[in-house]
Amino acid sequence: MHDIRLLRDQLDRLRDGMRRRKKLDELAPLLDRAEELERDRRSAITELEAQQAQRNRLTQEVGERRKAGREATDLIAAGRAAGDVIAALEHRKSSAEAAVQALLYELPNLTFDEVPEGGEEANRIMRAWGAPRPDGSLIKPHWEIGERLGMLDVTRGAKISGSGFIVYRGIGARLVRGLMNMMLDIHTVEHGYEECSVPLVVNRASMTGTGQLPKFADDMYHINEEDLFLIPTSEVPLTNLYRDEILDATELPKSLCAFTACFRREAGAAGKDTRGLLRVHEFDKVELVKYTTPETSLTELELLTSHAEVILQRLELPYRVVLLAAGDTGFASAKTYDLEVFAPGVGKWLEVSSCSVMSDFQARRANIRYRPAPGEKPRFVHTLNGSALAFSRIIASLLEHGQQPDGSVHVPEALQSYVGCSTLR
RNA sequence: GGCGUGGUGGCCGAGUGGUUUAAGGCAGCGGUCUUGAAAACCGCCGAACCUGAAAGGGUUCCGUGAGUUCGAAUCUCACCUACGCCGCCA
C-alpha cells in the first residue's frame, strides 16, 4: 500500500509508476477518484476535530458545574446536539477513509528507477550460469522419467485430491526430503538465516498484510468456517511474524527462512503449462525473507538472490537471472529478479525463484517498523523475499537435466549424501 | 466444547463515569558530579492523524468492534486472545 499522502503531494509520481507498469489507462480513473476522496476525507477530519474540541470544552464544564453543585441542563442539551453533528461527521470521515483505502489496496507498488519500463518483452537477462545440455531434443519430459522410476504418481494424486496434486513415492519422496534438508542447511549454516517452522494456515489480516488480499482472493484456498487461508508461500507467515511491531535497529537486517507447502488455486491458469510438475496446486518451497532498513534493501536483494543462486549451482543446474520489467513485476514488489532454470525435456526455462524487494509496501500494510536509534521516531522497514527454491520445478529440471542414456538420473554431488545415492534408477 | 479470570505505552504495572494531560517503576536520552565510568541526584522521554511557512494549535488511541451517556480505560453486548479447571482427543 502507498502512503496516502502521495495522493496529495505526488500524484504525478503515482501516475508515472502506473505508466511504467503499463497500467495507467486502467488505473488513472482510480487514482483520480482516490485523490478526490482523500480531499473529502481531510475536510471531514478537520470539521470533525473542531466539533470534538468544542464538545470536550462543554463536557468539561458540565463536570465543573456539577462539582460546584450547579445545574448544567443547557450544556447537556448543547452537548447532545454536538454529539449528533459529530456522529454525522464521523460517518462521513470513515466512509471516505474506507473508500480511499479500498482504492489504495488496488494499486501496485512503485518500481525502483533501475527497473526497465514496459511489459515482459522488456525483461533483462542479467547473467547466466552453466549451459543447457546439447542433446536436449533427445531428453524425455520429467513426467515420463518420474513415472518410469516410480518416483511420481500423478494419477493417484489426482484420484485422492484432484488434478495438480502430486504423490511422490520411494526415491521421489526421499528426494523431496533431501532437497529440504540440503537447502535449509545451506541457508542456516552458510547464509545465516534463522530457520522457522510456521503455520500453513493464516488469517485475513496476514493475507492483507503481504498484499494477497483483497485483490487476489480468487487465487487462494479459503476455509470458510474460520475465515482462514492456506498460504500461497511462506512469505506470508514469515513477513507477518512482525506485523504491528517495532523492531530495534540492531536487529536488522533480520533473515528468516522456512520450508513449507504452498497452496495455489491457479484459477484461470487452466491449460497453460499444466503437465507434470510445471504448475500444481500444492508444492513445497524453501523461502527466504529479510527485514531491512530502506538504505540497505537493494544490496540485501543482491545478497538474497545470490543465496538462491548458490542452491542452483550446488544442484548443477544451468540457470539465468532475469530482471523483470515493471509490467512483469509482481503487485507488491519494487524490483524482482526471477531465476529460471532450463528443463531440456520440455525445452523451457522454468521460473524456480522470484527474489523481490517490496520497499515499504508490505511494511505499511502490515505496520512493521523499526526504531533507527533510541528516542527516534519509528520508520517502516523494507521487506524482501525470495524462493530458494520451489521444489516441483526443480525436481522437473533435475530429472530432465540429469537424465542418462540408460534412463537413470544423475544426482548432483552436493545432494548425494542427502538422498543417499548418486543415481536415481 | 463448558465454566472462570485476565488483556493498559518499548517492558512491568496502578487506575470502577468528570483536573487521566493514563500514577509509579524499569529501560532509553540529556545534564550535574567524576580523570573516566558506576552510583546518586535533576530534567526529558508513546503512537497515529488534522491544521499551519514555522512556532504552535487540535483530534484520536487503554485487545477489536458496536452500544449506553453531555462525557467511557472505567458501564453493556459481541468477537479475538492468554491463562486455569472440566470435557473430548493425536
Side-chain angles (χ1 to χ4, degrees), chain A residues 1-10 34-102 104 197-209 213 223-229 237 240-252 254 291 293 360-381:
Chain A
M1 189 169 62
H2 300 287
D3 189 340
I4 197 167
R5 279 171 293 201
L6 293 184
L7 289 173
R8 279 186 246 175
D9 309 321
Q10 303 184 47
E35 195 266 345
E36 194 183 317
L37 282 162
E38 156 60 7
R39 248 181 300 137
D40 186 52
R41 182 188 76 98
R42 270 178 13 244
S43 85
I45 289 175
T46 308
E47 278 181 60
L48 170 67
E49 291 186 351
Q51 288 292 324
Q52 284 172 325
Q54 170 64 14
R55 184 182 64 182
N56 287 347
R57 282 190 289 274
L58 283 173
T59 61
Q60 204 174 339
E61 205 181 329
V62 172
E64 281 162 20
R65 282 208 205 168
R66 282 274 166 86
K67 192 167 280 181
R70 290 190 289 138
E71 274 296 323
T73 42
D74 55 328
L75 294 179
I76 288 173
R80 192 176 289 136
D84 292 343
V85 175
I86 286 170
L89 283 167
E90 259 169 0
H91 181 260
R92 192 179 130 203
K93 176 201 152 190
S94 57
S95 55
E97 203 160 62
V100 175
Q101 179 96 337
L104 283 179
S197 178
V198 294
L200 307 181
V201 173
V202 298
N203 58 29
R204 183 172 288 273
S206 294
M207 285 296 240
T208 307
L213 291 179
I223 299 165
N224 218 356
E225 286 74 9
E226 340 292 83
D227 195 29
L228 295 171
F229 298 82
N240 279 281
L241 221 48
Y242 291 96
R243 172 154 52 83
D244 292 321
E245 294 194 34
I246 300 173
L247 296 161
D248 200 280
T250 56
E251 297 176 72
L252 303 179
K254 184 180 274 298
Y291 299 74
T293 64
D360 61 3
F361 190 84
Q362 291 181 325
R364 181 171 283 108
R365 284 179 168 237
N367 192 29
I368 309 165
R369 294 172 293 172
Y370 77 103
R371 202 179 292 281
E376 282 189 40
K377 289 268 175 203
R379 299 171 71 198
F380 288 116
V381 299

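First the proteins, then the strands, lettered A, B, ... as listed; each starts at 1.
Taking only side-chain atoms of A/Gln52, from C-beta outward, the nucleotide of B/rC50, B/rC70, B/rU59 with the closest atom is B/rU59. Closest approach to the A/Arg55 side chain among B/rC70, B/rC49, B/rA48 is made by B/rC70 (side chain taken as heavy atoms from C-beta onward). The A/Ala53 side chain lies nearest to B/rU59 when the options are B/rG18, B/rU59, B/rU51. Of the candidate nucleotides B/rA47, B/rG18, B/rU51, B/rG18 has the atom nearest to the side chain of A/Val62. Minimum atom distance to the side chain of A/Ile45 is reached by B/rC50, of the listed B/rC50, B/rA47, B/rG18.
Note on A/Arg204: nothing from the nucleic acid sits closer than 4.0 angstrom, heavy atoms only.
In this structure, a donor-acceptor pair under 3.5 Å is present between the side chains of A/Arg57 and A/Gln54.
When the P atom is used for both B/rG63 and B/rC12, the distance is 14 Å, rounded to whole Å. Taking atom C1' in both B/rG10 and B/rC45, one finds a spacing of 11 Å when rounded to whole Å. Rounded to whole Å, the C1' atom of B/rC70 lies 24 Å from the corresponding atom of B/rG65. The same atom, C1', is picked in B/rC80 and in B/rU64; the two are 7 Å apart, to the nearest Å. Between B/rC26 and B/rG7, the two P atoms lie 23 Å apart (nearest whole Å). Only the P atoms considered, B/rG15 is 15 Å distant from B/rU20, to the nearest whole Å.
For A/Gln101, the CD atom sits in a packed shell: over 12 heavy atoms of surrounding residues, nucleotides or ligands are nearer than 6.0 Å.
Using a 4.0 Å cut-off, some side-chain N or O of A/Arg42 falls inside it from OP1 or OP2 of B/rU51. Side-chain N/O atoms of A/Arg80 include one lying less than 4.0 angstrom from OP1 or OP2 on B/rC70. Neither OP1 nor OP2 of B/rC70 sits under 4.0 Å from any side-chain N or O of A/Arg57. A close approach under 4.0 Å does not occur between any side-chain nitrogen or oxygen of A/Arg364 and OP1 or OP2 of B/rA48. Within the structure, every side-chain polar atom (N or O) of A/Arg371 is placed at least 4.0 Å from both OP1 and OP2 of B/rG46. One finds no side-chain N or O of A/Arg65 lying less than 4.0 angstrom from the OP1 or OP2 phosphate oxygen of B/rC70. Regarding contacts with the backbone of B/rU60, a side-chain N or O of A/Asn56 is found under 4.0 angstrom from either OP1 or OP2. A close approach under 4.0 Å does not occur between any side-chain nitrogen or oxygen of A/Lys377 and OP1 or OP2 of B/rG46.
B/rG10 atom P lies 16 Å from atom CD1 of A/Ile368, rounded to whole Å. Note: CZ (A/Arg379) to P (B/rG10) measures 19 Å, nearest angstrom. Going from atom NE2 of A/His91 over to atom P of B/rG67 covers 11 Å, rounded to whole Å. The CZ-C1' distance, from A/Arg41 to B/rC50, rounds to 9 Å in whole Å. Rounded to whole Å, atom P of B/rU81 lies 15 Å from atom CG of A/Asp244. The distance between atom CD of A/Glu49 and atom P of B/rC49, rounded to the nearest whole Å, is 12 Å.
Considering only heavy atoms from C-beta on, A/Val381 stays 4.5 Å or farther from A/Asp360 through its side chain.
Among the duplex regions that RNA chain B forms, those built from at least three successive Watson-Crick or G-U pairs under 3.5 Å are B:1-7 with B:80-86, B:10-12 with B:24-26, B:28-32 with B:40-44, B:46-51 with B:56-61, B:63-67 with B:75-79, ordered by first number.
Not a single donor-acceptor pair, N or O on each side, falls under 3.5 Å between the base of B/rG18 and the side chain of A/Gln60.
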